Every structure is written in structure tokens, then in C-alpha cells.
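Note that ligands are numbered from 1 as they come in the structure, with each ligand's atoms numbered from 1 the same way. The figures here come from the full heavy-atom set of this structure, side chains too, leaving out hydrogens, waters and symmetry mates. Bear in mind that the values here come from a model prediction, so they are computed numbers and not experimental data.
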Amino acid sequence: MDLRHHEDFGPGTGSLPPRAWYAASDAAALSLNGTWRFRLSATADAEDESFAAPGHDRATWGEITVPGHWVLQGHGSPHYTNQLYPFPVDPPRVPTDNPTGDHLRTFDLPSDWPASGTTVLRFDGVESCARVWLNGTELGDFKGSRLPHEFDVGALLRPQGNVLAVRVHQWSSGSYLEDQDQWWLPGIFRDVTLLHRPEDCVGAHFVHASYDHRAGTGTLRVDADTQGRADAQGRTDAQGRVTVAELGIDVATGEAVTVPVEPWTAETPRLYDGVLATAGERIPLRIGFRTVAVEDGLIKVNGRPLLFRGVNRHEFHPRTGRALDLATMRADILLMKRHNINAVRTSHYPPHPAFLDLCDELGLWVIDECDLETHGFQAIRWRGNPVDDDRWTPALLDRAARMVERDKNHPSVVIWSLGNECGTGRGLTAMAEWIRARDDSRLLHYEGDRSCADTGMYARMYADHAEVERIGRGEDEGPERRRQLPFVLCEYGHAMGNGPGGLSEYQRLFETYERIQGGFIWEWIDHGLAHPSYEYAYGGDFGEELHDGNFVCDGLVLPDRTPSPGLVEYKKVIEPVRIEGGGHEGAVQITNLYDFATLDHLSFTWSYERDGVRVADGTLAVPATGPGERAEVKLPSAPRCDPGGETQWTVRAVLAWDTAWAERGHVVAWAQFTDESGVSPAVVGGTAPVRDEGRIALGPALFDARGTLLALDGLEIEDLRLDVWRAPTDNDNGMPWRPEPSPAARWRALGLDRMQHRLDAVELAEDALVVRTRVAPAASDLGLRVAYRWQSDGSRLLLALEVEPEGEWSVPLPRVGIRFGLPGASGPVRWFGGGPGEAYPDTRAASMTGVWESDVDAMQTPYVRPQENGARPGLRWAEIGGLRIDTGDRPWFTARRWTTEQLDAARHRTDLTPGDTVWVNLDIDQQGIGTGSCGPGALPEHQLHARPERLEVTFSTAVTRGNGAARH
Ligand code: GAL
């Protein structure tokens with residue numbers, strides 16, 4: 001049968017060959033963004049093509065904003081799947097039910113639009129297939145959603161009343177190539193622009209700017225297809241010229257010139273402004289000199305190996321989907337730079353081209369990935385996989401060419417990626433060959449082919465620590481060629497919900513083994529869509545037939561781009577300066593972990609704190625320290641302060657001056673070192689418990705006859721008891737496709753969410769009240785013997801808790817500690833311990849010891865799908881709702897206005913309604929977080945196995961003002 005344009009194998013018809021994208025030239029341009037007329041049909045051919053003709057009656061049409069997705073503008077709804085195609089797999093055919101958006105825009109040319117030359121119409125991104133008419137004449141059609149397409153429209157344009165018509169099908173053969181893990185969002189989602197092309201304008205051009213690190217010189221050659229008018233012999237005289245005033249360069253296109261330059265790196269993004277000029281046009285160039293190579297089995301730029309501190313970035317905005325404005329792109333990069341991130345993989349398609357301009361300018365290494373994923377074929381054992389079927393190869397090559405041609409002039413792009421999760425096949429090899437032939441100045445990446453036949457590097461996703469270590473040691477098996485290649489984790493640290501855990505341990509491996517050149521966290525942002533009832537919606541919230549729930553919310557920033565604790569942790573883990581104690585005579589060692597930069601842009605400060613409160617501070621003089629070098633610096637002698645306190649040094653590396661991405665004083669790296677560990681709180685005792693009318697009094701405390709604490713100095717306390725349950729995190733819930741049960745599944749199967757507390761004894765001793773319980777789930781013989789030993793000195797109340805496991809526990813516990821309610825508690829919360837944000841056993845690198853102030857609401861991390869959050873480690877004391885807590889045992893401290901059970905039951909933020917009672921947990925320990933939602937779970941050393949535990953806490957109501965608290 002004849003396949004229609006949206007269902008054939010090809011990439012489309014009628015568009016111009018791809019060329020480099022640039023933001024501006026002196027040629028005229030007209031943006032066609034804005035309000036368009038719009039009509040949605042249920043099928044591809046519900047309406048005929050007469051709408052494209054000028055004069056068509058559009059009275060019944062609605063409106064739509066371009067760039068935009070119609071499903072986010074009230075027409076139809078979004079759909080989320082991870083791997084599965086949301087339609088029957090029968091390539092290249094797509095369903096008859098195929099939402100189709102007709103878009104219309106009328107426009108006049110500006111009065112000064114030049115009459116000579118020609119004009120092209122550029123679409124920067126349309127999902128998934130477009131057919132285009134201007135003034136009733138069909139220009140062509142195209143697929144390749146996140147790639148540009150241009151049409152020559154010069155002959156069709158009129159000064160006034162132009163009618164541009166675009167028919168967009170949600171589903172096309174191209175959809176089979178675009179099965180990335182994200183929302184399916186049809187529409188014209190990137191800019192539409194008219195570009196005048198003067199006579200003798202610049203055609204396609206390729207900026208080659210390399211750097212010779214031995215000579216300190218850069219070599220520039222700009223190849224250009226200048227469109228000069230040919231003479232009778234076909235020769236053109238409109239040769240272009242390339243000038244770079246700052247470097248005194250003035251050469252013809254095609255001519256190479258070598259001059260001393262400062263190189264471009266992501267750490268030192270030195271760009272030179274140049275101009276490419278022909279008789280008809282001047283294009284500004286932003287030139288960065290750098291050379292990418294694999295040498296000695298390592299990825300090197302300018303002769304030095306790189307360490308990627310990277311992140312995978314999808315384009316996403318909670319209201320506009322993949323239609324991003326420049327301010328949002330810039331905000332992403334600023335946030336990344338401020339969090340020590342130095343690299344982006346543009347998962348899994350080329351981003352808006354302006355994003356790469358910003359990467360050049362602000363400095364990020366980029367893996368530019370082609371718009372290609374066929375993951376859904378895995379579900380049918382890769383039968384019919386387009387990347388292994390020659391009929392699709394022209395479409396694959398078209399995608400490769402459109403990416404490379406568009407983005408090749410960016411110094412930030414150091415690696416081309418063929419795509420993501422496509423299995424293996426001849427089409428990928430064809431793409432690789434084409435790319436290598438066109439541009440051999442960059443590396444090739446593709447993770448899906450373990451043979452690495454087409455690539456210059458070995459990449460994996462979610463390999464666990466042990467495997468990464470084997471690869472680092474060169475003890476990995478596999479093809480000999482692969483064993484010689486540098487290694488990168490193109491995805492790791494799955495940032496879904498609370499986590500990811502275990503990043504410090506990965507970083508240690510990256511810094512230990514030179515073959516391991518870092519990794520890219522999955523992923524940058526939660527794709528939660530703004531929703532009137534749920535606040536943020538995820539898969540299933542739009543009634544999708546097949547979906548993957550909140551697997552689409554797995555970012556280091558929440559949907560509104562608030563940094564999650566995972567980003568704060570990542571910043572600390574990857575800090576480019578390591579500050580360590582334990583040097584000679586208490587000196588501090590400062591290691592420069594940059595690949596290129598010195599430490600000149602940083603100032604170093606110290607402060608000295610007693611019980612978390614600063615008593616003195618100053619600056620540290622750090623000698624010149626080149627990349628990879630270490631300096632040793634002496635701290636001053638410890639400032640004098642009252643004895644008996646806990647004292648510590650805090651050393652910070654901060655920006656010495658304003659940069660393009662953060663202000664002077666911005667903290668890049670820090671460390672703390674304990675000086676004196678302080679004296680533990682005094683032991684409390686001496687008061688005898690007294691039984692009276694069904695109550696037991698002990699100093700200021702009142703208990704019921706069963707030994708349950710009711711009040712302290714009249715301050716009501718509710719249901720204080722042992723707690724082992726936490727609302728499972730996404731990482732606790734694990735990967736649904738794995739056969740072995742996740743930690744959370746094992747917890748629920750055992751019944752840790754429904755523990756019964758049996759009272760065994762209430763003993764009134766001479767100076768203590770002892771309550772004994774056994775805590776266990778129904779149907780199991782496993783249990784925890786618990787003894788609560790209460791003592792008082794008349795004003796304070798001491799609890800010594802002992803926990804003794806019974807039976808063969810093979811499942812780690814979620815947590816172990818106490819929890820209690822404070823009815824009616826309000827006001828600020830102050831504490832001395834880890835802060836300001838949340839931390840767990842394997843996500844606590846960024847937790848800083850200090851005195852912090854916050855309130856219960858601000859202590860919550862509002863993950864899109866509610867789950868355990870908000871713990872602060874290392875508690876020394878806390879003041880909350882009139883209660884003072886002192887402890888030498890440094891438990892984990894959590895406070896919230898709902899119970900764990902309510903948190904566990906909630907599906908969206910809006911399911912959580914604050915109650916009057918604040919629930920406090922003090923945990924002796926918590927199970928680590930890991931990254932088990934996609935990747936390894938908590939490492940053995942961060943697992944909480946049942947074992948005898950002890951906790952001592954003193955309660956009082958004499959609240960001492962915590963001075964010097966830092967507000968969070
Ligand atoms: C990877 C994939 C990503 C994403 C991630 C899990 O396999 O490349 O696109 O699906 O897993 O969130």
C-alpha cells in the first residue's frame with residue numbers, strides 16, 4: 001500500500017539541506033511566534049486541505065500560542081510512558097486515532113523587508129510531523145521533532161496577507177524514533193522564523209577552532225558555502241572573510257590561521273568575537289579554541305583529561321512542557337554552575353539551539369544527543385527495530401545530519417551521541433560513519449551497544465559501584481577494543497524522589513581511577529505538570545491507558561526548579577576543591593580538583609564555632625595551586641572560648657569576585673573539622689515515680705497507668721513510642737520491572753507498616769519508671785523487645801530507650817527510634833545538628849553542623865509524590881513547640897504536621913492536609929536511600945539491620961533561646 005507522508009519511512013520532503021544555526025546576522029528576520037489560529041481533529045484526515053488556502057473561513061477555530069503544545073493549552077491531554085509505545089507497534093503505521101492540529105498564521109512583511117535575495121522559513125521544532133503550506137502552496141513535510149527544518153519561501157511571499165498553514169500530526173512514523181522517557185507532547189513547540197537570505201549571503205559554514213596546548217596557539221579555519229553569483233564558468237567571487245579583531249585575524253573563508261590564544265574550556269569559557277562576512281551578510285561568530293581527543297585511553301581536551309560532573313537534561317517546564325524560553329534555559333545553566341555541575345548530556349535530543357550558545361558562554365561540556373530512541377521495541381524483543389532496518393536509514397541519517405550541521409560550531413559540544421536506547425543495528429553504524437566523515441574533531445557516544453563498535457568511548461548507565469570499580473581497575477570483561485576505551489556513566493544516581501544515595505562513593509571511584517571520567521546524574525528536573533487538583537501531575541493523572549506513574553519525576557530540581565536536597569548533596573560531592581583536615585600539625589589540605597583552572601578565583605575563609613555558634617572568623621592564605629595540585633595551609637591557633645563546649649572549624653572556598661554565573665562570596669566548597677567534641681548532657685536522676693489515681697507522676701512528667709507519657713510540665717505529648725516505619729521513598733519502592741522484591745515490598749510483606757505494640761510491664765523503681773513492650777507484626781515471630789527507662793531530676797525528664805531484636809531478621813529496618821506528637825505545637829523550630837536541609841545515611845555529605853532555625857512547614861521537602869523526607873542528622877538539641885530535647889547520641893530529627901501513615905497514603909502533595917499535631921521522630925538510625933528506583937540500592941554499609949540499639953534523650957520545657965541560629 002502507499003504510505004501517506006506521515007507514515008512513510010522517510011524524513012520528509014521539500015526542506016532545504018541543514019546548516020548551522022545562529023542567533024542573529026545582519027539579514028532581516030521576522031519571528032512568527034505568537035497567537036495562531038488552531039483547530040484540532042481526531043484523525044489525520046478528518047478535514048481536507050482547503051484550510052491552507054487564503055480566504056478559508058476560520059470563524060470556528062480557536063487560538064493557540066506558538067511555540068507551544070496543544071495538549072497543554074486545553075486541547076486533548078498529555079500522555080506519559082517511559083519505554084512503551086502508547087499505540088500498537090506496527091511500524092511505520094500509526095493509529096487512525098491521531099490527534100491532528102491545524103495551525104494558521106497570517107502575517108504581513110515589514111515594509112522594509114528586502115525585495116532582493118530570497119527568504120527561508122525555519123521551524124526549530126515540531127512534534128511529530130508537519131506539513132506546511134504558504135499562501136496555499138504546499139512547501140513540504142517533515143519529521144524529526146527536535147531538529148530544525150527550513151523551506152525556501154522567497155517566491156511565495158507577498159508584502160501583505162501571507163497565510164502560513166501547518167498541519168501537525170501527533171503520531172507519525174517519526175514517533176517510532178522518538179520513544180524517549182517523557183510526556184508525549186505534540187505541537188509547534190519551538191520558534192518559527194522567517195529569515196531573509198540576501199544575495200551573496202553566507203551559506204552553510206563550519207567553524208574549526210582547535211588549540212595546540214604545547215604551543216599555546218589556536219588554529220582557526222571557517223569553511224563556508226558562500227552563495228556568490230557564478231560567472232559563466234560557474235566560478236563565484238563572493239568569497240567570505242573571517243575577522244577576529246581581538247586576535248588581529250582577517251582571513252578568507254577556507255584559509256587557516258594560527259595565533260596565540262587563550263583556550264576555551266568549560267571552566268574557563270574564553271570566547272573570541274569574530275565576524276564571518278560576505279558581500280551580502282555579516283554573521284557574528286563566537287569562537288572557542290579547543291581540541292578534543294582520546295589519548296592514552298582518556299578523553300582529553302587541550303591535552304588534559306576531563307572529569308565530567310554532569311547531569312542529563314530534558315527540556316521541561318511545568319506549564320509549557322518542552323517549549324522553553326531563554327530565561328528558563330539560562331536559569332538552568334546558572335543553577336548548574338552554582339552547583340558545581342560542569343557537563344550536560346542533552347538527553348535525549350538536541351536542545352533548543354540557544355541553550356548551546358549559553359553553554360558556550362557560561363561554560364559547560366556538552367554531549368549533544370541525536371533525537372533518536374526506539375526503546376519500545378525492547379518489549380517485543382527488538383523485532384522490527386528501525387535502527388536495524390535499511391528502510392529507515394535515510395531518516396536516521398537525516399537526523400544525524402540535522403544535529404551535526406545545526407550544532408557543529410559550538411565549542412561546548414565535545415561529544416556527539418547517536419541517540420539513546422535503540423538496541424543495536426546497521427542504521428546506527430551508518431549514522432556514526434556519516435558523523436565521523438563530516439566532523440572528526442569530536443568523540444562519538446552511544447550507550448546501547450556494548451561492543452562499542454561505533455563509538456570512541458565506553459558508556460554505561462546505572463552500573464553499581466562494584467562494577468564501576470572493576471572497570472576502573474581494568475578488570476572488566478568484554479571486547480579488547482572496549483577495554484582500551486575511556487569510561488563514562490552517561491546515567492547514574494537516579495534522582496527520583498528522596499535521593500539519590502551513594503553519590504559520595506561513586507565520586508570516590510571517579511577520582512581514584514583515571515579511566516572513569518565521571519558521570520551524568522539522571523536527571524535534571526522532575527517533569528511534573530502543573531495541575532489544578534494535584535499541584536503537579538504525573539503519569540496516569542490524565543487517564544492514560546498505559547503509563548509509568550511518577551517515574552517521570554526523577555530530577556535534581558523540583559518541577560518549579562527549586563533545588564531538591566539531591567542537588568545540594570551533588571554540589572557537595574562534586575566540589576572542585578577538596579578541603580581536608582589531618583594535615584601536618586593540624587594543617588588543612590586543599591586539593592585543586594579542577595581540570596584546567598587554578599584557584600585564583602577563590603578566597604578561603606575559616607570560622608570557629610562553639611556549640612554551633614561562631615566565635616571567630618578570618619581568611620586563609622592559600623598558595624597558588626594548579627589543577628590536580630595540593631596545598632597545605634595552617635589554621636590559626638584555636639580562638640579562646642568557654643570550655644566544655646563542642647568546637648569546630650568551618651573552612652570555605654568562596655568566589656573571590658563576581659562571575660557570569662554567581663556573585664562574589666558564593667560558596668564553592670567547604671569542610672568542617674571538630675576541635676573539641678564537647679561534654680555530653682548531664683545525667684538526670686533522683687526523683688521517684690509516684691502512682692496516683694490511674695496516673696504515674698515522675699518529676700514534671702505525667703504518664704497513664706500503662707506508662708505512656710501524657711505531658712511534661714503541662715505540655716501535652718501524644719503517643720510516644722518506638723517507630724520503625726517510614727513512608728517508602730521511590731528508591732525504597734525499587735524498579736517495577738525487576739523480579740526480586742524491593743525493600744519496601746519486603747517491609748510491607750513483613751508488616752513493618754502495621755507493627756503491634758504489646759505492653760509487657762510497667763515497673764516503678766526507686767528512681768525510674770520502666771516500661772517494657774514487644775513490638776512486632778501480625779503473623780510473624782520476629783519482634784523487637786523495647787525498654788523505656790524514664791528518670792527525672794525534678795525538672796527534666798530522661799528517656800533511656802533500649803531495643804533488642806528477637807528472631808532472625810533478614811530485612812533491613814526502615815528506621816529505628818521514637819516518635820511522638822506535640823498537639824497544637826507551632827512557631828519556629830531550632831536545632832543544633834546537621835542542616836540546613838534534609839539528609840540520610842548516604843545523602844549527608846552536604847549536611848553542615850550548626851544551629852539552625854526553621855519551621856515545620858519549611859522542613860518538609862515537597863516531593864511530587866509524597867514520601868519520607870526532611871530528616872536532619874546528628875541532633876544535639878532541638879526546641880520545638882515549647883519542648884526542649886537534648887541528646888548526646890546524635891539521632892536523626894524529623895518533624896511534620898501529618899503522620900507517617902498519612903504521608904505513606906498520599907499520592908500527590910494535595911493529599912496532605914496539615915493537622916494540629918506536630919509529629920516528631922528521633923531516629924537512632926535510618927536505612928540508607930540508595931538509588932534503587934533505577935540502579936543499585938543502599939550500599940551494605942548504609943543498610944539498617946536489626947541489632948541492639950540504645951538512645952538517650954532528655955526532655956524539658958525550659959526553652960533556652962538558641963542564639964546565632966541560621967534560618968533555613
Ligand atoms: C534510562 C533512560 C532514561 C530514563 C532513565 C530512568 O534507561 O535512558 O531516559 O528512562 O532510564 O528514569
- Message: Against ligand 1, does Gln180 come closer than 4.0 Å with any heavy atom?
- Response: no
- Atoms in ligand 1 with a heavy atom of Asn420 nearer than 4.0 Å: 2 (C), 8 (O), 9 (O)
- Arg748/Asp732 ion pair, N-O < 4.0 Å: no
- Item | Set of residues satisfying side chain to side chain donor-acceptor pair (under 3.5 Å) with respect to Ser172, sequence neighbours excluded | Ser128
- Task: Starting from atom 4 (C) of ligand 1, find the nearest protein heavy-atom neighbour and note its residue, name and distance.
- Result: Asp181 OD2, 3.2 Å
- Message: Does Glu475, at its CD atom, have more than 12 non-hydrogen atoms belonging to other residues, nucleotides or ligands within less than 6.0 Å?
- Response: yes
- Message: Counting non-hydrogen protein atoms only, what is the nearest one to atom 5 (C) of ligand 1? Give residue, atom name and distance.
- Response: Tyr462 OH, 3.3 Å
- Find all atoms of ligand 1 within a distance of less than 4.0 Å from any non-hydrogen atom belonging to Asp554, and give their numbers and elements. 12 (O)
- Item | Protein heavy-atom partner closest to atom 1 (C) of ligand 1 - residue, atom, separation in Å | Glu491 OE1, 2.9 Å
Tabulate below the donor-acceptor pairs under 3.5 Å that side-chain atoms of residues 496-504 make, not counting sequence neighbours, or state none.
residue : atom : partner : partner atom : Å
Asn498  : ND2  : Glu868  : O            : 2.9

- Item | Separation of Leu556 CG from Thr562 OG1 (nearest 0.5 Å) | 13.0 Å
- Task: For the residue pair His465 and Tyr506, categorise the inter-ring angle as parallel (less than 30°), tilted (30 to 60°) or perpendicular (more than 60°).
- Result: parallel
- Item | Region of Glu373 engaging ligand 1 - heavy atom pairs below 4.0 Å | neither
- Query: Take atom CZ in Arg481; do more than 12 heavy atoms of anything else shown fall under 6.0 Å from it?
  - Reply: yes
- Note on the structure: So the atoms of ligand 1 within less than 4.0 Å of a heavy atom of Phe551 turn out to be 6 (C), 12 (O)
- Proximity to ligand 1 by part of Asn82, non-hydrogen separation under 4.0 Å: side chain
- Mind checking whether Glu523 contacts ligand 1 via backbone (N, CA, C, O), side chain (CB onward), both or neither, at a 4.0 Å heavy-atom cut-off? neither
- Please step through side-chain contact (heavy atoms from CB on, under 4.5 Å) for the pair Tyr534 and Asp911, ending with a clear verdict. CA-CA 8 Å; Tyr534 301 137; Asp911 294 335; 5.8 Å; no
- Task: Could you tell me whether Arg402 sits above the aromatic face of Phe142, with NZ or CZ closer than 6.0 angstrom to the six-membered ring centre and within 45 degrees of the axis?
- Result: no
- Salt-bridge test for Arg515 and Asp476: reply yes if a basic N is under 4.0 Å from a carboxylate O, no otherwise. yes
- Note: ligand 1 atoms sitting under 4.0 Å from heavy atoms of Met461 are 1 (C), 7 (O), 8 (O)
- Of the protein's non-hydrogen atoms, which lies at the shortest distance from atom 12 (O) of ligand 1, and what is that distance? His494 NE2, 2.7 Å
- Task: Can you sort out which atoms of ligand 1 are near His348, meaning under 4.0 Å from one of its heavy atoms?
- Result: 3 (C), 8 (O), 9 (O)
- Item | Proximity winner for atom 2 (C) of ligand 1, if only heavy atoms of Gln83, Met496, Glu421 are counted | Glu421
- Message: Looking only at distances, can you tell me whether any N or O atom of His314, backbone or side chain, sits closer than 3.5 Å to an N or O atom of ligand 1?
- Response: no
